[in-house]
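The block underneath contains the structure these notes are about, expressed in structure tokens.
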Amino acid sequence: MMLVFLGPPGAGKGTQAGLVARRLGIPQISTGDILRDAVARGTDLGRQARGFMESGGLVPDEVMLGLVEDRLGHSDCAKGFVLDGYPRTLAQATALDKMLEGGSKTIDGVVFIDLGDEVVVGRLAHRRVCPQCKALYNLGANPPAKEGLCDRCGVALATRADDGETTIRTRLKVYRNETLPLVEYYGTKGILKKIDGEGKVEDVFAAIMEEISEVRQN
Ligand code: AMP
């Protein structure tokens, strides 16, 4: 199954995409994680992406297209994938469709997790991430068992460089201008599944799995 996760920053895309991918036994492809890893390793891609990411802007489409085409070509994607954070622009969405058309495939479903701006800002301020396994925590709603440490690796949790309030506001603006048009794009295709992102992690996950089971039966 080929799924796309859409939604504002902080809506829970990464957490939910990870849970869904694990449940379905297909890879979660987080373009944000791939880029952050490239920045941390100081690769060419990382050097190209860093400034855009730190300011809350988008990495240029040409860079993203190459990255995603390469990643989707890996053998672990043959049975499907969960795209988390891609596409983020109409140009990326149409490029993805073309990429898949080459193999006579189409996206099966788009999970749109919606959440209001103020909830987003509050959530991101409390977000922590494990630098090793990338597990996400929220100090309010989903805290680690031991304060400040990842449940899986025991590594000290970190704050993302772009989770400061000013950058969050920029990311929300970029989301509204560049990414929100994708809701209409996929809505017109009849594959959009809208989910309210405001519940508990397990309740949102259950709602997503229910929507996806419909897609799987089709
Ligand atoms: P995320 O972890 O998905 O919030 O992504 C973090 C940052 O990586 C974004 O704010 C962008 O700067 C960059 N990024 C991730 N995915 C994309 C994409 N599909 N297009 C452009 N920039 C992206």
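Remember, predicted model here, so these are calculated numbers, not experimental data. Note: hydrogens, waters and symmetry copies are ignored here, and every other heavy atom, side chains too, is used.
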Inset, instruction - Measure the CD-CZ distance between Q16 and F5 for me, rounded to the nearest 0.5 Å. - result: 7.0 Å
Inset, instruction - Compare every heavy atom of A49 with every heavy atom of L35, then report the nearest pair and how far apart it is. - result: CD2-CB, 3.9 Å
Legend entry - Beyond-backbone contact of R160 with R36, side-chain heavy atoms, under 4.5 angstrom: yes
Inset, instruction - Specify the closest pair of heavy atoms between L65 and A95, including all atoms of both residues, with the distance to one decimal. - result: CD2-CB, 3.4 Å
Legend entry - Cluster check V4, V183: I/L/V/M/F/W/Y, side chain < 4.5 angstrom: yes
Inset, instruction - Identify, with sequence neighbours excluded, every residue that meets side chain to side chain donor-acceptor pair (under 3.5 Å) alongside T89. - result: D61
Inset, instruction - Flag yes if V110 and Y175 sit in one hydrophobic cluster, no otherwise; membership is Ile, Leu, Val, Met, Phe, Trp, Tyr, and two members link when side-chain heavy atoms are under 4.5 Å apart. - result: yes
Legend entry - With sequence neighbours excluded, residues passing side chain to side chain donor-acceptor pair (under 3.5 Å) with E165: R169
Legend entry - Of all pairs that satisfy salt bridge (Lys or Arg N to Asp or Glu O under 4.0 Å), the ones with a partner from residues 64-74, not counting sequence neighbours: R71-D76
Inset, instruction - Report the distance from atom CD of E184 to atom OG1 of T188, rounding to the nearest 0.5 Å. - result: 5.0 Å
Legend entry - Gap separating the CG atom of L19 from the CG atom of L24, nearest 0.5 angstrom: 11.0 Å
Inset, instruction - Compare all side-chain heavy atoms of Y185 with those of T94 and state whether any distance is below 4.5 angstrom. - result: yes
Inset, instruction - For residues T167 and D162, determine if any side-chain heavy atom of one lies less than 4.5 Å from a side-chain heavy atom of the other. - result: yes
Legend entry - Distance, nearest 0.5 Å, that separates CD1 of I212 from CG of L3: 5.0 Å
Inset, instruction - Check P144 against L157 and note the closest heavy-atom contact, atom names and distance. - result: CG-CD1, 3.7 Å
Inset, instruction - Among residues two or more places apart or on two chains, list those pairs meeting side-chain hydrogen bond (donor to acceptor under 3.5 Å, both in side chains) that have a residue in residues 130-142. - result: none
Inset, instruction - Is it possible for you to say whether M99 and I34 belong to one hydrophobic cluster, with membership spreading through side-chain heavy-atom contacts below 4.5 Å? - result: yes
Legend entry - Side-chain heavy-atom pair T31, V68 within 4.5 angstrom cut-off: yes
Legend entry - For D44, side chain to side chain donor-acceptor pair (under 3.5 Å) partners two or more places apart: R47
Inset, instruction - Tell me, with the steps shown, if D151 and K146 meet salt bridge (charged side-chain N to carboxylate O under 4.0 Å, His left out). - result: CA-CA 7 Å; D151 292 349; K146 276 196 201 142; over 6 Å; no
Legend entry - Under the salt bridge (Lys or Arg N to Asp or Glu O under 4.0 Å) test, residues paired with D196 that sit two or more places apart: none
Legend entry - Remaining members of hydrophobic cluster (4.5 Å side-chain criterion), V119: L115, V120, V121, L124, I168, L172
Inset, instruction - Name all residues meeting the side-chain contact (heavy atoms from CB on, under 4.5 Å) criterion together with A207; count only those two or more places apart in sequence or in a different chain, and write none if there are none. - result: I195
Inset, instruction - Can you measure from CG (D33) to CG (D84) and round to the nearest 0.5 angstrom? - result: 7.0 Å
Legend entry - Residue pair A17 / V82: nearest heavy atoms and the distance that separates them: CB-CG1, 3.7 Å
Legend entry - Rounded distance (nearest 0.5 Å) linking atom CZ of R128 with atom CD of E147: 10.0 Å
Legend entry - Pairing residues for D203 by the salt bridge (Lys or Arg N to Asp or Glu O under 4.0 Å) criterion, not counting sequence neighbours: none
Legend entry - V63-I29 co-clustered via ILVMFWY side chain contacts under 4.5 Å: yes
Inset, instruction - Report yes or no: do L139 and L149 belong to one cluster of Ile/Leu/Val/Met/Phe/Trp/Tyr joined by side chain heavy-atom distances under 4.5 Å? - result: no
Inset, instruction - Could you tell me which non-hydrogen atom of C133 sits nearest to which non-hydrogen atom of R152, and how far apart they are? - result: SG-NH1, 3.8 Å
Inset, instruction - Identify, with sequence neighbours excluded, every residue that meets side chain to side chain donor-acceptor pair (under 3.5 Å) alongside R171. - result: D163
Inset, instruction - Kindly give the heavy-atom pair with the smallest separation between P131 and A158, and that separation in Å. - result: CD-N, 4.3 Å
Inset, instruction - State which residues pass salt bridge (Lys or Arg N to Asp or Glu O under 4.0 Å) with E54; sequence neighbours excluded, sorted by chain then number. - result: R50
Legend entry - Any T159 side-chain heavy atom under 4.5 Å of V129 side chain: no
Legend entry - Test salt bridge (Lys or Arg N to Asp or Glu O under 4.0 Å) applied to K189 - qualifying residues, sequence neighbours left out: D97
